[in-house]
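Reviewing the structure listed below.
Whatever order the structure lists ligands and atoms in, that order sets their numbers, starting from 1. One is the number of the first residue; the rest follow in order along the sequence.
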Amino acid sequence: MLTKLSKYCIFARNHLTYLMILPIVAYGDPVLKKVGKDITKDYPKLDELIANMYETMYGAFGLGLAAPQIGLPIRLFLVDAEPFAEDESFTKEEQEAFKGFKKTFINPRILEEKGDEWAFSEGCLSIPDVREDVFRKPEITIEYFDESFEKHTETYDGLIARVIQHEYDHIEGVLFTDKLSSLKKRLIKGKLANISKGKIGIDYKMRFPNQKKKR
Ligand SMILES: [Zn+2]
């Protein structure tokens with residue numbers, strides 16, 4: 001559990017570790033196109049990495065964050081929907097599903113996706129200021145390991161399933177913009193090019209692949 005203290009530090013393996021906000025990798029970085037590799041329990045400083053990823057996600061007001069978004073092509077992502085449980089732009093039912101939903105997914109595999117595709121306007125911390133309708137199936141069954149490397153198989157639907165599908169796509173090297181029609185892709189091409197160059201106003205730390213070096 002993250003406590004108030006955790007805003008400043010965590011005690012990991014008896015060491016005092018300061019939480020760090022990591023730069024979020026912007027659209028255009030090749031790491032976002034890589035299929036993530038499975039990790040083991042011995043992955044270097046895994047507790048610290050996960051804690052820093054949560055801190056980074058909260059700092060950017062995200063619902064989810066995947067490891068490639070902080071530059072690591074590994075199968076790890078996290079979701080914390082709780083901060084959105086009171087957000088009235090979501091339905092009462094969605095707010096209810098968000099309550100207490102905080103999970104770390106390690107080496108996940110989506111086993112099944114079911115139902116008729118539905119559209120929802122998605123955004124992404126790596127693609128700021130772009131929101132587009134994305135079609136996805138409403139129900140998923142996913143197998144994953146938690147931060148203690150306990151294995152789980154769970155079924156989700158609705159918005160929770162969608163958040164998981166979006167993050168899962170990241171570890172498969174897929175962005176929501178890849179799922180748009182070719183017309184939509186053409187329409188946002190310029191905007192995406194600007195994001196990769198850092199020509200965008202954002203209030204969280206990012207790393208841009210095509211930013212010209214300052215002289
Ligand atoms: Zn995303």
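Shown are R131, R162, K179; of these, the salt bridge (charged side-chain N to carboxylate O under 4.0 Å, His left out) with E122 is made only by R162.
Between F120 and F90, the ring-plane angle classifies as parallel under the 30° and 60° cut-offs.
Within the 4.5 Å cutoff, the side chain of T155 has heavy atoms near those of the T141 side chain. At least one side-chain heavy atom of I24 sits under 4.5 Å from a side-chain heavy atom of S126.
Protein N/O/S atoms nearer than 2.8 Å to the Zn ion (ligand 1) total 3.
Between E172 and R75 there is a salt bridge, with a side-chain nitrogen of the basic residue lying less than 4.0 Å from a carboxylate oxygen of the acidic one.
A 6.0 Å sphere centred on CD of E117 holds more than 12 heavy atoms belonging to other residues, nucleotides or ligands.
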